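Reading through the structure tokens given below for one structure.
In what follows, residues are counted from 1 in the order of the sequence shown. Worth saying up front: this structure is predicted, and the values here are computed from it rather than measured.
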Amino acid sequence: MLRPHVPVNPLPTGSPIPLLKRNPVDSEIEPVNSTPAPVAAPRTTVQLTPGSALALAAGGGAVVLVVGAVLVSMLLAVAITGVSVAVCAVVLKSLLNQERKH
């Protein structure tokens, strides 16, 4: 699965070209690339004890609560800003209407 695969290049006529060199002195076939593929290091496994699983669940819950609190506070900030802009618009409109009447 991890070994490199070199495709065979087709000729314009449709017959494949093998990627091997022929030695004119002897009729032996030599491969173009004979370097072995690197072997991947085995992965280490992580084993969770009941205490570490509990700590991981508590940490995940704390992260969810903090992110939720931040998102709710940002939503409240946007809502308060929108309401204050609307109130300012109403006050300015009433001030301009009073100036036109007088």
Side-chain angles (χ1 to χ4, degrees):
M1 183 173 111
L2 296 175
R3 294 184 183 169
H5 180 271
V6 180
V8 177
N9 297 326
L11 281 174
T13 59
S15 62
I17 301 173
L19 295 176
L20 299 173
K21 290 190 224 175
R22 290 195 177 257
N23 194 350
V25 176
D26 7 272
S27 61
E28 294 181 12
I29 298 175
E30 298 177 8
V32 174
N33 189 2
S34 63
T35 58
V39 178
R43 293 186 179 184
T44 58
T45 58
V46 177
Q47 294 180 353
L48 292 176
T49 62
S52 63
L54 184 63
L56 186 64
V63 166
V64 167
L65 288 176
V66 168
V67 169
V70 168
L71 291 177
V72 167
S73 65
M74 288 173 63
L75 180 64
L76 282 173
V78 168
I80 290 170
T81 303
V83 169
S84 66
V85 167
V87 168
C88 289
V90 169
V91 169
L92 284 174
K93 185 176 180 180
S94 68
L95 286 174
L96 289 174
N97 283 338
Q98 284 180 359
E99 193 173 300
R100 284 184 199 162
K101 290 180 182 178
H102 289 82

Task: Atom pair OG1/CG of T49 and L56 - distance to nearest 0.5 Å - done: 10.5 Å
Task: hydrophobic_cluster_shared for V70 and V78, side chain cutoff 4.5 Å - done: no
Open item on the list: If I take atom CD1 from residue I80 and atom CG from residue L75, how far apart are they, to the nearest 0.5 angstrom?
Closed with: 10.0 Å
